[in-house]
Amino acid sequence: MSHEGGERAKFSGHIGFVLAAAASAVGLGNLWRFPYLASHYGGGIFVLIYIIVAVTFGFSLMIAEIAIGRKTGKSCIHAFGDLARKYRWLGVVCAAIPIIIVAYYFVIGGWVAKWFIETAAGHLSDMSGYAGNYWWDYITGEISGLGDPMIWFFVFAGLCFVCVIRGVERGIERVSKVLMPALLVMIIGISAYNLIALDGIWDGVRFYLSPDINELTGGTFLGAISQVFYSMSLAMGIMITYGSYMRKDVSIENSVRNISLIDTMVAIIAGLMIVPPAYIFGMGDEKGMGLMFEAMPDVFSGMPGGEVIAPIFYLLVLFAALTSAVSLLEAVVSVFSDARNRRRNRSIVLALIVLIPLGILVVLGFGPLMTDLHPFDQGAGILGIFDTVTNSIMMPIAAILTCVFIAVVIKTRTITDEVEAEGAEFRSKRMFEVMIKYVCPIMLSFMLVLGLADMFGIFSVYRGASQRI
Ligand code: TRP
């Protein structure tokens, strides 16, 4: 795939497209975010609602975005304007979102790198034997000052920038074909170990997989919807860019079905690895964003060979985070290039200038001055604010606008015709139309109002909004 102008290089075919899109979609969203939200928002009921939202909303929106990209052959900044000149700004709205996301993604990537190095250095028992919350004390600078998380943020961000500067996406793609399946095998293996070896694990499995209607709150819906956007990489124009690289003879519907299936499957299995043990360790609810960093060292420390398995695990997670972060960063760079016809090198420098201070702010957001900063339910610190503002406010707005744009301005026909190009079948066409015209915009607007009302303290849709997460 090339990122330069001119005739667009295309993905080689169905499998090439699906794998590339899936490698960028599977990342911290599946491994880090899904499990802690599932733990926090009611276990099985969250998983059920997530699946329903993913196969209806998520599926339809992904089809729409990819079709827009393939039809126009443009990335998000120009695609909307190409379809209807007055609506170019819509592309700009979508394009702004990855800038915020990638800044905090770097910080979490840094934590993963730190966990890899610590476990590789044989410090697993220090982490699991720590009296208190190791992750929280680490990120707030209690253990080694804020300089340490800052360094790891720079290490991870640096890695991503090096990849983008050297244009090694192809190399990454090749390695990820081996490492991603390895990660999947490992997640399944650890889950199987948990089921066999951990006492009382089935209580945790029941919590995770059997929906309990009493656990249903507004937060379950809001969390699940935000997670679908985040995990499936929607509502930020990125799938539009992917679509622009897709060949006409590849079926959009089948590709989207496979991408969403892979993404959802990885999330659910990652949850199976993390949520049930966390539940029986009694850390289900209050660890929040630190769940993966807190529960997994405890699992490894009880496991035969855990000292060796832990660093391998964190290395594979690091790699999954890296592939996603690199494609996010690549998206930011191409937005900067496309917006003003800048040269790629200049766009990379601009990305550095914008993203590094934002990331530093996120790291400092856990510092002593701001430790109590916790305005939203979905996360603490500046990271929590960035996360909530993007996933629960900006993405729903971008998605609502995209749906209205399709339904009113260009009409769903434009999209369905593109999906049916070259005689391809569109089996879920009816569902797609109903989703884009009615269900998505109405439901999302409703959820957005609820979410905003909660944020401004008008009323709470969350259970126990004071939990630190
Ligand atoms: N879906 C990615 C994850 O699960 C995160 C992400 C969101 C992303 N948007 C993206 C990754 C765009 C690559 C490109 O971690």
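In listed order, ligands and their atoms are each counted from 1.
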Participant: Does Thr220 reach the main-chain N or O of Leu216 with its side chain, forming a donor-acceptor pair under 3.5 Å?
Facilitator: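 Flag not set: sc Thr220 to bb Leu216 has no pair under 3.5 Å.
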
Participant: Can we say Lys248 and Glu418 salt-bridge, meaning some charged N sits less than 4.0 Å from an Asp/Glu carboxylate O?
Facilitator: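 Answer for the salt bridge query: yes.
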
Participant: Is it true that a side-chain atom of Glu253 and a backbone atom of Ser428 form a donor plus acceptor pair closer than 3.5 Å?
Facilitator: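 Confirmed, Glu253 side chain pairs with Ser428 backbone.
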
Participant: Look at the side chain of Trp115 and the backbone N and O of Phe293, then say whether any donor-acceptor pair between them is shorter than 3.5 Å.
Facilitator: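 Yes; at least one donor-acceptor contact below 3.5 Å.
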
Participant: Under the side-chain hydrogen bond (donor to acceptor under 3.5 Å, both in side chains) criterion, do Ser226 and Arg33 qualify, and how do the steps go?
Facilitator: CA-CA 10 Å; Ser226 78; Arg33 202 173 188 273; 3.3 Å; yes

Participant: Asn30 heavy atoms, cut-off 4.0 Å: which ligand 1 atoms fall inside?
Facilitator: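 This gives 4 (O) as the contact atoms.
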
Participant: Can you sort out which atoms of ligand 1 are near Met236, meaning under 4.0 Å from one of its heavy atoms?
Facilitator: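 Listed by number with element, the hits are 7 (C), 9 (N).
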
Participant: Please confirm whether Gly29 comes within less than 3.5 Å of ligand 1 when only nitrogen or oxygen atoms on both sides are compared.
Facilitator: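 So ligand 1 has an N or O lying under 3.5 Å from an N or O of Gly29.
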
Participant: For the side chain of Arg342 and the backbone of Phe336, is there at least one donor-acceptor N/O pair under 3.5 Å apart?
Facilitator: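 Side chain of Arg342 to backbone of Phe336, a donor-acceptor pair under 3.5 Å: yes, one is there.
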
Participant: Any idea which protein heavy atom is nearest atom 8 (C) of ligand 1, and the distance to it?
Facilitator: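 Result for atom 8 (C) of ligand 1: Ser233 OG, 3.4 Å.
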
Participant: Taking 4.0 angstrom as the limit and counting only heavy atoms of Ser324, give me the atoms of ligand 1 inside it, by number and element.
Facilitator: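 Near Ser324, meaning under 4.0 Å from one of its heavy atoms, ligand 1 has 11 (C), 13 (C).
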
Participant: For the pair Arg88 and Asp82, find out whether any cationic side-chain nitrogen is under 4.0 Å from an anionic carboxylate oxygen.
Facilitator: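 Not counted as a salt bridge, because no side-chain N and carboxylate O are separated by less than 4.0 Å.
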
Participant: Measure Arg33 to ligand 1 on non-hydrogen atoms and call it side chain, backbone, both or neither using the 4.0 Å cut-off.
Facilitator: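 The answer is neither; Arg33 stays 4.0 Å or more away.
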
Participant: Counting each atom of ligand 1 from 1 as listed, which ones have a heavy atom of Ser327 under 4.0 Å away?
Facilitator: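 Every atom of ligand 1 under 4.0 Å from some heavy atom of Ser327: 13 (C), 14 (C).
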
Participant: Return the residue, atom name and 0.1 Å-rounded distance of the protein heavy atom closest to atom 5 (C) of ligand 1.
Facilitator: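 Going by distance alone, atom 5 (C) of ligand 1 is nearest to Tyr230 O, 3.7 Å.
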
Participant: Work out which heavy atom in Phe46 is nearest to a heavy atom in Gly223; give both atom names and the distance.
Facilitator: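 Closest approach of Phe46 to Gly223: CE1-C, 3.7 Å.
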
Participant: Among all protein heavy atoms in this structure, tell me which lies nearest to atom 15 (O) of ligand 1, with the distance rounded to 0.1 Å.
Facilitator: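 Answer for atom 15 (O) of ligand 1: Tyr105 OH, 2.5 Å.
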
Participant: Looking at Ser24, which atoms of ligand 1 are within less than 4.0 Å of one of its heavy atoms?
Facilitator: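 With Ser24 as reference, the close atoms of ligand 1 come out as 2 (C), 11 (C), 13 (C).
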
Participant: Is the closest heavy atom of Ile101 to ligand 1 under 4.0 Å?
Facilitator: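 Ile101: no contact with ligand 1 (<4.0 Å).
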
Participant: Return the residue, atom name and 0.1 Å-rounded distance of the protein heavy atom closest to atom 4 (O) of ligand 1.
Facilitator: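 The protein heavy atom lying closest is Ala25 O, 2.8 Å.
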
Participant: Considering non-hydrogen atoms of the protein only, which is the closest contact for atom 14 (C) of ligand 1, and what is the distance?
Facilitator: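 Here the nearest protein heavy atom works out to Ile238 CD1, 3.6 Å.
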
Participant: Which ligand 1 atoms, with their elements, are less than 4.0 angstrom from a heavy-atom of Ser231?
Facilitator: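 Near Ser231, the atoms of ligand 1 are 1 (N), 4 (O).
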
Participant: Does CD1 in Ile15 sit with more than 12 non-hydrogen atoms of other residues, nucleotides or ligands closer than 6.0 Å?
Facilitator: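 No, because the 6.0 Å sphere around CD1 of Ile15 holds 12 heavy atoms or fewer from other groups.
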
